[in-house]
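Reviewing the structure listed below.
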Amino acid sequence: MDYQFNQIEAKWRQIWQERQTNKITEDSSKPKYYVLDMFPYPSGAGLHVGHPLGYIASDIYARYKRLQGFNVLHPMGYDSFGLPAEQYAIQTGQHPAITTKENIARYRQQLDLMGFCFDWSREVRTSEPSYYKWTQWIFKQLFDCYYDTKSNKAERIAKLVTEFEKSGNQNCNAVNDCTEQFDASAWNQMSTQEKEAILQQYRLAYLAESWVNWCPALGTVLANDEIVNGVSERGGHPVEQKRMMQWSMRIKAYANRLLEGLDRIDWTDALKEQQRNWIGKSQGASVQFQVKNTDAQIEVFTTRPDTIYGVSFMVLAPEHPLVNAISTPDQLEAVQKYQQEAALKTERDRQADVKNITGQFTGAFAVHPFTGQDIPIWIGDYVLASYGTGAVMAVPCGDQRDYDFAKHFDLPIHNIFEGQDISEAAYTEKDAIIANSDFLNGLEAKTAMKAAIQAIEEKGIGYGKTNFRLRDAVFSRQRYWGEPFPVYYQDGLPNLVPDEQLPVTLPEVDKYLPTEDGEPPLARATKEAWSCQLGEHMEYNTMPGWAGSSWYFLRYMDPSNEQAFVSQEKVAYWQNVDLYIGGSEHATGHLLYSRFWTKFLFDQGYLPFDEPFAKLINQGMILGKSAIAYIGPDQKMYSFDCLPEEAEGFREVRILIDLINDDESIQLEALQQWQPQYANLEFVKNAAGKVIVKREVDKMSKRWYNVVTPDDLCERYGADTLRMYEMFLGPLEQSKPWDTKGITGVHGFLKKYWRLFHQNGTFEVSDSEPTPAALKTLHKTIKKLHDDLERFSFNTGVSSFMICVNELTEQKCNNRHVLEQLTILMAPYAPHICEEIWATLRPQSETIFNEQYPAFNEAFLVESSFTYPVSFNGKMRMKVELPLGLSPAEIEAAVMALPDTQKWLEGKTPKKVIIVPGKIVNMVL
RNA sequence: GCGGAUGUGGUGAAAUUGGUAGACACGCCAGACUUAGGAUCUGGUGCCGAGAGGUGUGCGGGUUCGAGUCCCUCCAUCCGCACCA
């Protein structure tokens with residue numbers, strides 16, 4: 001009987017569904033384990049072989065844990081709000097909900113083919129009102145909280161209001177953007193509007209005018225991580241800076257905890273470094289500089305307060321609010337001209353222009369707080385408005401950028417480093433002795449820093465300060481296909497929609513474009529189209545993509561709860577995710593925001609943990625091998641090996657990889673039928689009469705015609721083969737190009753495994769005692785597999801199965817015990833074939849996944865002898881078979897007694913004999 | 001520039017604590033069987049050499065009886081960040 005994978009797989013897909021084999025419930029008698037995949041955005045293109053890579057790995061691990069007796073939560077869902085569905089809606093008028101639904105159906109069909117053990121009864125979709133009701137609810141909690149620096153957690157805003165009523169904000173321990181100071185009576189005299197304006201500067205979700213990355217082509221605001229090289233990640237449109245009223249998240253409040261939490265989780269160093277880099281903690285001091293002859297003060301942040309005597313000028317960002325006020329009349333025109341030029345430049349231009357030093361003198365001077373000297377104030381676009389205070393104290397001797405600026409504009413450079421030459425470049429190391437600096441003279445940088453901060457604080461002109469690069473996250477999008485805010489406006493003030501009226505559902509609109517006067521698409525909705533009609537109007541922005549994905553892993557625990565986003569009991573049982581698998585592209589987006597929301601929900605007592613993902617693995621990307629053909633100036637297609645040396649006038653075209661044979665030649669007739677432009681194409685063939693293509697590795701994508709789909713491979717080889725082959729390709733974390741050629745090896749292995757049971761046309765296993773050799777093979781494999789899975793090395797696991805089946809075939813083993821154990825062992829990798837075999841071996845069994853994972857027994861591995869390699873001075877010369885269990889002395893005696901040993905010793909006595917029992921014997925002469 | 005990772009046959013790759021480098025698979029070569037299938041099975045396959053043997057994990061050093069593995073210098077590739085004061 002042949003291995004009929006298509007029939008077997010279809011059968012078990014159906015049985016699993018009928019018996020609800022993968023449905024799980026909270027069961028406190030078993031330990032829990034939570035295996036999670038990053039849920040996909042259901043795009044119209046469907047899945048290619050790269051998508052399931054991580055899912056296969058997590059599926060294997062989930063099934064393995066289940067066989068070990070864990071109650072495993074392994075869910076799947078869809079991140080179903082997003083731009084492509086909306087773009088499609090704009091073009092076709094089709095409602096994004098319909099496209100999304102269709103795409104999800106297609107995804108589900110493809111995922112089911114692979115035999116994943118997802119508990120689909122727990123599916124979540126971020127675009128479902130029953131889901132985003134709770135995204136809105138979490139937003140409300142964030143709006144209603146501030147970050148208390150004393151208790152070091154989020155607290156209710158009502159607590160802050162009470163404090164303001166009692167003592168104003170003089171001694172308030174809250175993270176804020178508030179620049180004004182007020183006392184209790186001032187607060188109590190404020191109007192509702194004034195109070196709310198203040199509170200917005202404390203709330204964790206707040207409305208503020210902020211610099212945003214505005215993309216005119218998309219008509220929306222983008223987050224920093226949605227911009228790649230200065231253009232939008234999606235579509236590649238230019239992005240410019242604009243000041244707009246936006247919702248933001250005060251993620252900065254959590255900067256320290258986000259940083260410190262990294263030490264407690266099992267992620268790769270690369271990923272942790274990326275997050276550390278993104279958070280960008282730096283310690284230093286904030287210092288006030290008095291502007292000469294005015295009341296104005298300029299606050300700067302510096303990491304080198306020890307170099308304060310080296311300050312010889314200041315530079316402000318062109319956008320700095322004080323620039324116009326302090327510029328002298330004779331400089332004002334030039335200053336404004338420079339400001340305009342800077343504003344026109346996109347961030348991209350500024351980045352590209354690093355080498356080009358520009359700046360403008362304001363005509364104003366500041367007073368050096370220690371020397372009292374006049375220091376000129378300049379503006380320059382190398383100073384960023386959005387970092388620190390948007391102003392720097394320039395220390396040209398210690399900072400290369402300040403040095404270059406000083407050289408370019410011929411500004412003074414004071415050397416404050418003992419014995420350092422700064423005639424060519426700044427001295428940026430922190431190991432020099434400070435000189436020419438009054439009370440700091442002779443100190444090392446470290447001590448000088450402390451002394452400087454102390455002096456600054458005593459003078460009352462500043463304080464020691466920690467600064468973060470992390471910026472608050474803009475939370476508004478001028479888009480249709482996203483979560484509406486649970487917010488309405490009354491008298492110009494934002495108000496929260498009451499819980500009873502959640503969710504605020506997405507209203508119908510006539511078009512998915514912004515309105516003519518630039519309002520977001522939701523402004524097109526009539527009042528009646530909204531699920532709640534409160535105040536003057538609802539919030540027209542929608543939430544960004546990361547809103548729904550920041551907490552979805554919690555919803556799987558309790559997907560249909562209508563009273564809470566997750567019940568206390570369920571979250572207490574499931575806790576955080578034990579193993580999270582997904583791509584590294586979310587390093588500074590999703591993974592950071594998710595940690596932020598988790599910490600917030602923890603602070604508010606909704607969760608018993610504050611890190612969402614205990615262990616994280618980034619699977620590598622599977623790349624496509626594009627096929628490139630060459631068309632000459634004569635419009636003929638040339639074989640790659642027939643290209644002239646100087647291929648001028650030749651152009652490269654990518655052709656569908658399905659049209660390429662194994663020998664890299666094109667199926668010419670199929671090509672002519674593929675696209676009309678090739679219908680009458682002529683060819684320049686090589687000596688073998690073929691047209692060869694060049695291969696290039698690209699991202700797998702429809703536009704490169706290099707997509708390989710799992711559907712085709714399941715059809716030809718079966719899901720079990722595809723699952724094992726994807727694992728066999730190499731280490732999970734590594735990116736690698738897809739190559740279908742090798743799949744026959746894995747397919748052949750499964751056939752070989754099948755033949756262990758089906759030798760003479762019938763299913764046959766022997767009930768006799770297993771041979772020692774077979775038991776040795778089995779237990780070797782059990783141990784290897786266990787170790788491989790514990791270190792997430794799925795590829796070596798597949799190899800171990802191959803070796804095992806090869807050995808058992810060679811031993812002609814068809815022993816029931818051995819084959820049963822092997823089948824359980826392999827079930828996580830190849831669930832369909834193993835279920836089929838198990839059903840034949842044990843017809844009463846419901847599923848193999850109710851069995852116990854095979855236990856390793858070392859007794860079966862013990863050998864009677866071991867063949868020692870014997871080396872002389874490290875060079876292996878002979879092999880000696882000796883019984884096991886000998887002491888090193890006995891081994892030495894046995895080896896020395898051999899005539900061959902005497903031959904290699906050439907009459908000498910070894911200086912030293914090194915013996916590692918069970919490993920090696922080495923003689924040092 | 002900074003940070004992270006990776007360099008092993010024709011190819012994908014193994015080698016878990018320093019202990020016989022190249023397991024396993026693809027490809028290739030030779031053969032068997034055959035109702036000629038893209039089936040199955042057997043043997044070979046790092047490089048040099050007829051052979052004994054030599055040599056070999058990006059380059060160059062070091063530690064060690066012994067290094068793919070540990071240390072130092074350099075080189076290459078990939079990824080992330082990038083005027084962050």
Side-chain angles (χ1 to χ4, degrees), chain A residues 2 224-225 268-278 280-282 284 300-304 307 314-315 317 350-351 353-357 380-384 386-395 398-402 404-405 467-471 584-585 587-588 618 620-621 662 716 725 728-731 733-749 751-752 755 783-784 787-788 790-791 793 795-804 806 809 867-876 879 910-916 918-925:
Chain A
D2 286 343
N224 284 331
D225 42 293
T268 60
D269 289 343
L271 201 63
K272 287 188 187 180
E273 265 321 295
Q274 263 184 65
Q275 290 216 344
R276 287 194 188 105
N277 198 331
W278 195 259
K281 183 177 184 168
S282 49
V300 301
F301 173 75
T302 176
T303 53
R304 297 292 302 275
T307 64
M314 295 184 79
V315 187
R350 276 208 197 181
Q351 275 175 29
D353 247 5
V354 173
K355 298 266 152 56
N356 206 351
I357 297 163
D381 68 3
Y382 82 96
V383 177
L384 304 176
S386 52
Y387 181 77
T389 60
V392 300
M393 56 175 227
V395 184
D399 183 289
Q400 194 55 43
R401 292 156 305 168
D402 296 344
D404 293 340
F405 196 85
N467 213 25
F468 292 96
R469 211 179 68 168
L470 183 70
R471 301 175 197 180
S584 59
E585 66 272 21
T588 48
N618 287 129
M621 210 189 321
D662 281 353
R716 282 176 68 189
Y725 184 55
F728 183 69
L729 272 178
E733 287 97 330
Q734 226 165 76
S735 286
K736 52 232 158 193
W738 178 264
D739 185 0
T740 305
K741 278 180 192 161
I743 201 169
T744 53
V746 175
H747 190 59
F749 151 74
K751 286 198 221 169
K752 212 166 172 178
R755 279 201 301 275
K783 182 173 170 36
K784 185 71 169 38
D787 293 350
D788 288 343
E790 288 304 319
R791 61 195 176 101
S793 176
N795 54 329
T796 54
V798 178
S799 298
S800 302
F801 284 124
M802 291 182 174
I803 295 167
C804 178
N806 284 346
T809 303
T867 306
Y868 281 90
V870 182
S871 319
F872 294 83
N873 278 340
K875 296 213 166 175
M876 215 271 284
K879 291 185 177 180
K911 275 189 216 150
K912 199 157 115 194
V913 182
I914 292 144
I915 291 162
V916 184
K919 292 255 164 129
I920 198 157
V921 175
N922 190 13
M923 313 248 172
V924 184
L925 302 180

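So that the names make sense, note that chain A is the first sequence line, chain B the second, and so on, each numbered from 1.
Side-chain proximity of A/Lys751 to the nucleotides B/C41, B/A39, B/C84 is greatest for B/A39. Set against B/C41, B/C65, B/C83, the side chain of A/Tyr382 has B/C83 as its closest nucleotide. With distances taken from any side-chain atom of A/Ile803 to the nucleotides B/C41, B/G19, B/A23, the minimum falls on B/A23.
Using a 4.0 Å heavy-atom cutoff across all strands shown, A/Phe728 reaches at least one base atom of the nucleic acid. Nucleic acid contact class of A/Asp402 (heavy atoms, under 4.0 Å, all strands): none. Within 4.0 Å (heavy atoms only), A/Asn795 reaches sugar-phosphate atoms of the nucleic acid but no base atom. Using a 4.0 Å heavy-atom cutoff across all strands shown, A/Lys784 reaches at least one base atom of the nucleic acid. Counting non-hydrogen atoms under 4.0 angstrom, A/Pro731 reaches the backbone sugars and phosphates but no base. Residue A/Gln400 is out of contact with every strand shown, counting any heavy-atom pair closer than 4.0 Å.
Under 4.0 angstrom from either OP1 or OP2 of B/U20 there lies no side-chain N or O belonging to A/Asn922. An OP1 or OP2 oxygen of B/G1 is reached within less than 4.0 angstrom by no side-chain nitrogen or oxygen of A/Arg401. Using a 4.0 Å cut-off, some side-chain N or O of A/Ser282 falls inside it from OP1 or OP2 of B/A85. Within the structure, a side-chain polar atom (N or O) of A/Lys912 is placed less than 4.0 Å from OP1 or OP2 of B/C65. Distances shorter than 4.0 Å separate none of the side-chain N or O atoms of A/Arg469 from OP1 or OP2 on B/A82. Put simply, A/Gln734 has a side-chain N or O that comes within less than 4.0 Å of OP1 or OP2 on B/A13.
Syn is the classification of B/G37, since its glycosidic angle stays within 90° of 0. Taking the syn range as angles within 90° of 0, the glycosidic angle of B/G49 is outside it, so the base is anti.
Shortest non-hydrogen contact noted between A/Phe728 and A/Asn795 is O-CB, 4.1 Å. Between A/Leu271 and A/Ala587, the closest heavy-atom pair is CD1-CB, 3.2 Å.
B/C26 sits 24 Å from B/U16 when the P atoms are compared, rounded to a whole Å. Distance noted for atom C1' between B/A82 and B/A15: 39 Å (whole Å). Atom name P, nucleotides B/C59 and B/G10: the rounded distance is 14 Å, in whole Å. Comparing B/A5 with B/U73, their P atoms are spaced 16 Å from each other, to the whole Å. Going from the P atom of B/G7 to that of B/A13 covers 9 Å, rounded to whole Å. With both ends at atom C1', the span from B/G19 to B/G9 equals 23 Å, rounded to whole Å. B/G58 and B/G54 are spaced 23 Å apart, taking the C1' atom of each and rounding to whole Å. A gap of 26 Å separates the P atoms of B/G61 and B/U11, to the nearest Å.
Atom C1' of nucleotide B/A85 and atom CG of A/Asp404 are separated by 14 Å, given to the nearest angstrom.
Both distances falling under 3.5 Å, in either a Watson-Crick or a G-U wobble arrangement, occur for no nucleotide opposite B/G51. B/G27: Watson-Crick or G-U partner is B/U45, with both key distances under 3.5 Å.
Checked for salt-bridge contact, A/Asp739 and A/Lys741 miss the test: no charged N lies under 4.0 Å from a carboxylate O.
Checking A/Lys912 against A/Asn922 by side-chain atom types alone, no donor-acceptor pair falls below 3.5 Å.
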